[in-house]
Amino acid sequence: MLTTWTAHAQGYMPYERPADEAEKGNAVQIGWAGIVIALAVAGAVIAVAFTGVAWAVVHYKEAQTLSDEVALVEKNPSIADQLAKINETAPSSAPPAPPDPSGSGWGWFLAALGIAGAAIFIVPKLGKG
C-alpha cells in the first residue's frame with residue numbers, strides 16, 4: 001500500500017508549481033468567519049450525536065427493566081399489583097411539558113440574527129471564486 005501511494009504521489013510531483021498571481025486571484029477565500037462557522041456546525045453535529053447516544057442508552061435501560069418486570073409477572077402473576085405500585089411512585093423519565101407557545105420569541109430572533117450575520121461574512125467571499 002505504501003508503494004502504491006508513493007508511486008501515486010510521485011506521479012504528480014513533476015507537475016507541481018506555486019500558483020501565479022492570476023491563479024491566486026481566482027481562489028476562493030473563506031476567511032476566519034467561515035472557519036468559525038464550520039467549527040460551530042461541527043460542534044453542533046457532535047452534540048446532537050452525543051445526545052442521540054445518551055437517549056438510546058436511557059431508553060434501552062428502560063426497555064430492559066420493563067422486559068424484566070414482564071418476565072417476573074409471567075412467572076408469578078400475584079406480584080403484578082406490587083410492581084404497579086412501585087412504578088407509580090418511581091420518577092418518570094418523560095420529557096417535561098412543552099413551554100407555553102405564547103412566548104416572546106427572542107430565541108428565534110437571535111437565531112435569525114446569527115444566521116444573517118454569518119451570511120454577511122460568507123456570501124461576499126463566495127463570489128470571489
Between Thr65 (side chain only) and Lys61 (backbone N and O only), is there a donor and an acceptor less than 3.5 Å apart? yes
Drop me the distance from Leu72's CG to Ile79's CD1, to the nearest 0.5 angstrom. 4.5 Å
Should Trp32 and Leu39 be counted in the same cluster of Ile, Leu, Val, Met, Phe, Trp and Tyr side chains packed under 4.5 Å apart? yes
Would you say CG of Asn76 has more than 12 non-hydrogen atoms from neighbouring residues, nucleotides or ligands within 6.0 angstrom? yes
